[in-house]
Amino acid sequence: AVVIPKDSLPTNQNYVIVPWKVTEDLVPDGVYELRTISTCFAQQIIGTSSISKGIIDRVAPQVLGTPSPVDAILGPDDEIFVEFEEGVDCAQLDPLYDVILTNTVNGNQVDKNYSCNGNKITIIPNIQNHFIENQTLRASLYNLEDQYGNKRSTPVEWELYVNRNP
């Protein structure tokens, strides 16, 4: 409990901001419901706020399973995608610098489009298949964060061999 003496209350506002220490050892990640209870005038007047719900999340997006194609061979019916354990902040991804598709044989970037929907990012090569057939590509995702601003410290990268011709 925090005690705020009457003479330290601000006179130009009808609220007080009280810092709350939410370190991991004291308050683990999870869903919480909070409310305040105040007493004034020697506990003659008691005020209770409405309940506010919220989430504490300190963990950056983690890869769920294995990026696709899971066998690392991009066949005619396969997609290049990765799923995460939580939603990704798609709006902060820069298509030029954060979503990269590289030909590992010559080191050149491969033109691509991508889609980001919630917890899934899909990369679509925007090039005729014969330019990448029988080549190894590396998909790289940088600066990934969740909706709470938790940013990954390392990129997500995986390689795949293109074999779309039967």
Side-chain angles (χ1 to χ4, degrees), residues 13 15 17-36 49-166:
Q13 61 192 38
Y15 63 91
I17 296 175
V18 178
W20 180 35
K21 190 173 186 176
V22 290
T23 59
E24 227 174 317
D25 57 327
L26 295 175
V27 183
D29 286 4
V31 178
Y32 289 90
E33 293 182 349
L34 304 172
R35 70 174 175 185
T36 60
S49 72
S50 60
I51 293 175
S52 295
K53 296 179 182 183
I55 296 173
I56 295 178
D57 177 358
R58 301 177 188 94
V59 179
Q62 301 299 309
V63 174
L64 179 64
T66 303
S68 182
V70 292
D71 62 359
I73 299 171
L74 185 66
D77 298 323
D78 290 329
E79 289 184 320
I80 304 168
F81 71 87
V82 62
E83 291 181 296
F84 296 91
E85 293 177 349
E86 64 178 315
V88 172
D89 184 357
C90 298
Q92 63 79 35
L93 286 175
D94 184 316
L96 295 177
Y97 300 107
D98 295 336
V99 182
I100 307 293
L101 191 60
T102 307
N103 183 325
T104 63
V105 175
N106 59 26
N108 293 332
Q109 285 193 23
V110 175
D111 188 30
K112 66 11 183 138
N113 292 312
Y114 79 97
S115 67
C116 180
N117 297 305
N119 71 328
K120 182 178 179 180
I121 297 176
T122 303
I123 301 173
I124 306 104
N126 190 26
I127 187 171
Q128 292 180 7
N129 191 68
H130 71 271
F131 290 114
I132 56 174
E133 184 67 25
N134 299 321
Q135 304 288 307
T136 300
L137 305 180
R138 179 181 303 115
S140 305
L141 302 172
Y142 297 92
N143 300 312
L144 290 170
E145 24 181 287
D146 64 16
Q147 62 182 341
Y148 305 108
N150 298 308
K151 189 173 182 177
R152 285 185 57 92
S153 59
T154 59
V156 174
E157 295 186 302
W158 70 104
E159 292 188 355
L160 49 116
Y161 180 77
V162 181
N163 187 13
R164 288 184 163 172
N165 287 335

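This chain uses plain numbering: 1 for the first residue, then up along the sequence.
Taking OG1 of Thr102 as the start and CD of Gln109 as the end, the distance is 5.0 Å to the nearest 0.5 Å. Between the CG atom in Asn143 and the OG atom in Ser153 there is a gap of 11.5 Å [rounded to 0.5 Å]. Once rounded to the nearest 0.5 Å, the distance linking OG of Ser52 with CZ of Arg35 reads 11.5 Å. Within the model, atoms CG of Asp98 and CG of Leu93 stand 5.5 Å from one another, a figure rounded to the nearest 0.5 Å. Interatomic distance, CG of Asn113 versus CG of Leu101, reported as 11.0 Å (0.5 Å rounding). Atoms CG and OG1, on Leu160 and Thr104 in that order, are 9.0 Å from each other to the nearest 0.5 Å.
Put simply, the side chain of Trp158 does not reach to within 4.5 Å of the side chain of Val63, judged on heavy atoms. Looking only at side-chain heavy atoms (C-beta outward), Asn119 and Glu85 stay at 4.5 Å or farther from each other. Using a 4.5 Å heavy-atom cutoff, the side chains of Ile80 and Tyr114 are not in contact. Here the side chains of Asn150 and Val59 are not in contact, with every heavy-atom distance at 4.5 Å or above. Side-chain contact between Phe84 and Ile121 is present, with heavy atoms from C-beta onward closer than 4.5 Å. In this structure, Ile127 and Ile132 have side chains that are in contact, with non-hydrogen atoms separated by less than 4.5 Å.
The minimum heavy-atom distance between Cys90 and Asn117, with the atom names listed, is SG-N, 4.0 Å. Heavy atoms only, all atoms of each residue included: Leu141 and Ile123 are closest at CD2-CD1, 4.2 Å. Taking each heavy atom of Asn129 and Arg164 in turn, the nearest pair found is OD1-CD, 3.1 Å. Across every non-hydrogen atom of Asp29 and Arg58, the tightest pair is OD1-NH1, 2.6 Å. The shortest heavy-atom contact between Leu144 and Gln92 is CA-NE2, 4.0 Å. Asn163 and Asn134 make their closest contact through OD1-OD1, 4.3 Å (heavy atoms, listed as atom of the first residue, atom of the second, distance).
Remark: the backbone N or O of Ser115 is not paired with any side-chain donor or acceptor of Lys120 at under 3.5 angstrom. In terms of modelled atom types and a separation under 3.5 Å, the side chain of Gln135 and the main chain of Asn106 share no donor-acceptor contact. With Glu79 contributing its side chain and Asp77 its backbone, the two residues share no donor-acceptor pair below 3.5 Å. A donor-acceptor distance shorter than 3.5 angstrom exists from the side chain of Arg152 to the backbone of Pro61, with no hydrogens or angles considered. A donor-acceptor contact shorter than 3.5 Å links the side chain of Gln13 to the backbone of Tyr15.
The number of heavy atoms from other shown groups lying within 6.0 Å of CD1 (Ile17) does not exceed 12.
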Inset, instruction - For side-chain contact (heavy atoms from CB on, under 4.5 Å), just list the numbers for Val31 and Lys53, CA-CA rounded to whole Å, side-chain angles, deciding distance to a tenth of an Å, and then say yes or no. - result: CA-CA 7 Å; Val31 178; Lys53 296 179 182 183; 5.7 Å; no

Inset, instruction - For side-chain contact (heavy atoms from CB on, under 4.5 Å), just list the numbers for Val99 and Tyr142, CA-CA rounded to whole Å, side-chain angles, deciding distance to a tenth of an Å, and then say yes or no. - result: CA-CA 7 Å; Val99 182; Tyr142 297 92; over 6 Å; no

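One finds a salt bridge joining Glu159 and Arg138 here, because a Lys/Arg side-chain nitrogen approaches an Asp/Glu carboxylate oxygen to under 4.0 Å.
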